[in-house]
Amino acid sequence: MGSSNSKIKFPFSPRNSAKDHYRSVEQKVFNQNSALGDLSLDTDTNSHTDTKETYSSDEDTGEIFYRFVILHAEDDIDEAVRVQELLQNEFCIKPGIIFAEMPSGRHLLENLQDAMNGSAWTIILLTENFLSEHYCEFQAYACLFSSLTKPHKGNTVIPLKPRNTSLPLERTPLVLGAINALQEDSPGFAAQVKKIFQESSYRQQQAVWKNKKEKEDVQELLKW
């Protein structure tokens, strides 16, 4: 699942060349996402009734509004997949996606925009590798800016320090250090996860996303 190619040298490359490193992940993710339609989602912490979610807002196109997207360093694909599976399997927060799963052959900024708009929460994986790739910091700041300028995106950027190679607080960028991060090795991790990933917030953002998609569809039809 790891990369045998060289690391991205130019974070503003016009093409998402990083995807070439992620091909080994794609088939696994495709198989996982294909089965998501049969799975039950988590419920709001204020309700213990199981709910069924139709992930696609448009069943003909198969477009999905994800619960979360994990932004990660290129060398952290394995760790990002582990965290993705942890949230989906242990906490029933699904469907989720990691940035490596975004479509190939596209501008990195375009994929970042789609990742943020197409998911309720943006998780920033804070590891030792985070600081080794400048584009990671840029992604984090772009997400924070989006959360500040879009009312429905407030408090949706979640720094997460995994138990493996977690980035120490003293090396964490000041802006990200000011946000209460999820720490996997913390005794209160499970309670924090349940508090953050609220069903009501997901529904609200999904409604905004669907409304925007419907407007875009109408605009496309008018072009004809």
Side-chain angles (χ1 to χ4, degrees), residues 1-13 15-25 29 66-88 91 93 96-102 104 106-148 153 155-186 188-189 192-193 196-197:
M1 189 177 297
S3 167
S4 60
N5 297 333
S6 60
K7 188 178 298 183
I8 303 173
K9 299 298 183 182
F10 304 99
F12 300 101
S13 169
R15 287 309 213 180
N16 190 357
S17 59
K19 186 61 182 180
D20 294 336
H21 302 291
Y22 305 149
R23 288 177 179 171
S24 61
V25 181
V29 170
Y66 291 93
R67 296 263 166 172
F68 63 86
V69 59
I70 299 177
L71 304 184
H72 56 85
E74 179 186 336
D75 290 338
D76 284 334
I77 296 177
D78 289 345
E79 189 68 356
V81 170
R82 186 189 66 79
V83 173
Q84 176 192 29
E85 292 177 345
L86 172 69
L87 293 175
Q88 292 188 137
F91 296 97
I93 303 171
I97 189 173
I98 68 172
F99 194 68
E101 298 166 19
M102 297 299 291
S104 60
R106 301 176 67 199
H107 196 290
L108 284 167
L109 296 181
E110 185 179 2
N111 270 344
L112 177 60
Q113 188 70 30
D114 287 349
M116 291 187 294
N117 292 337
S119 59
W121 290 275
T122 302
I123 297 173
I124 301 173
L125 198 63
L126 293 180
T127 67
E128 292 284 352
N129 292 321
F130 178 85
L131 294 180
S132 66
E133 299 175 21
H134 295 302
Y135 187 67
C136 289
E137 281 194 71
F138 171 79
Q139 285 182 317
Y141 294 141
C143 293
L144 288 172
F145 180 79
S146 177
S147 71
L148 291 173
K153 283 292 186 182
N155 299 318
T156 61
V157 178
I158 315 297
L160 189 151
K161 295 187 176 184
R163 66 169 182 259
N164 303 321
T165 65
S166 177
L167 186 65
L169 180 61
E170 59 271 17
R171 296 184 58 207
T172 302
L174 184 61
V175 175
L176 293 175
I179 302 175
N180 188 24
L182 276 173
Q183 291 189 264
E184 189 182 356
D185 59 357
S186 169
F189 178 72
Q192 281 185 296
V193 168
I196 291 172
F197 297 95

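The environment of Asn155 atom CG is sparse: at most 12 non-hydrogen atoms of other residues, nucleotides or ligands sit within 6.0 angstrom.
Considering CG of Leu144 and CD of Gln139, their distance stands at 12.0 Å, rounded to 0.5 Å. With values rounded to the nearest 0.5 angstrom, Phe68 atom CZ is found 12.5 Å from Ile196 atom CD1. Annotation: the span from Ile158 atom CD1 to Leu176 atom CG amounts to 11.5 Å, rounded to 0.5 Å. Here the OG-CD distance, from Ser146 to Gln113, works out to 6.5 Å after rounding to the nearest 0.5 Å. Taking CZ of Arg163 as the start and CZ of Phe189 as the end, the distance is 9.5 Å to the nearest 0.5 Å. Atom CG of Leu86 sits about 8.5 Å away from atom CD1 of Ile93, to the nearest 0.5 Å.
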Show which side-chain atoms of residues 166-174 pair as donor or acceptor with protein atoms under 3.5 Å away, not counting sequence neighbours.
{"residue": "Arg171", "atom": "NH1", "partner": "Glu128", "partner atom": "OE1", "Å": "2.3"}
{"residue": "Thr172", "atom": "OG1", "partner": "Lys161", "partner atom": "NZ", "Å": "3.4"}
{"residue": "Thr172", "atom": "OG1", "partner": "Pro168", "partner atom": "O", "Å": "2.9"}

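Residues Thr122 and Cys143 share a closest heavy-atom pair of CG2-SG, 3.5 Å. Looking at every heavy atom in both residues, Cys136 comes nearest to Ala73 through SG-CA, 3.6 Å. Listed here is the closest heavy atom pair of Pro159 and Leu126: CB-CD1, 3.6 Å.
With hydrogens and angles left out, the side-chain atoms of Asp76 and Asn129 include a donor and acceptor closer than 3.5 Å.
Here the side chain of Gln84 pairs a donor or acceptor atom with the backbone of Gly96 at under 3.5 angstrom. Judged purely by atom type and a 3.5 angstrom limit, Glu133 uses its side chain to pair as donor or acceptor with the backbone of Glu74. Formation of a donor-acceptor pair under 3.5 Å by the Glu184 side chain with backbone atoms of Pro162 is not found in this model.
The aromatic rings of Phe99 and His72 sit perpendicular to each other, their planes meeting at more than 60°, with 30° as the lower class boundary.
Screening residues 163-184 for ring-ring contact (aromatic ring centres under 6.0 Å, His included) gives no qualifying pairs among residues at least two apart or on separate chains.
Taking the six-membered ring for Trp and the full ring otherwise, Phe138 and Tyr141 have centroids separated by 6.0 Å or more.
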Ile124 and Val157: CA distance, side-chain angles, deciding distance, side chain to side chain contact (heavy atoms under 4.5 Å, CB included) verdict: CA-CA 7 Å; Ile124 301 173; Val157 178; 3.5 Å; yes

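Of the residues Val69, Leu182, Leu87, Leu71, the one that meets the side chain to side chain contact (heavy atoms under 4.5 Å, CB included) test with Ile123 is Leu87. The side chain to side chain contact (heavy atoms under 4.5 Å, CB included) test with Met102 is passed by exactly one of Ile97, Leu108, Leu112: Ile97.
A heavy-atom distance below 4.5 Å is not found between the side chains of Val83 and Ile98.
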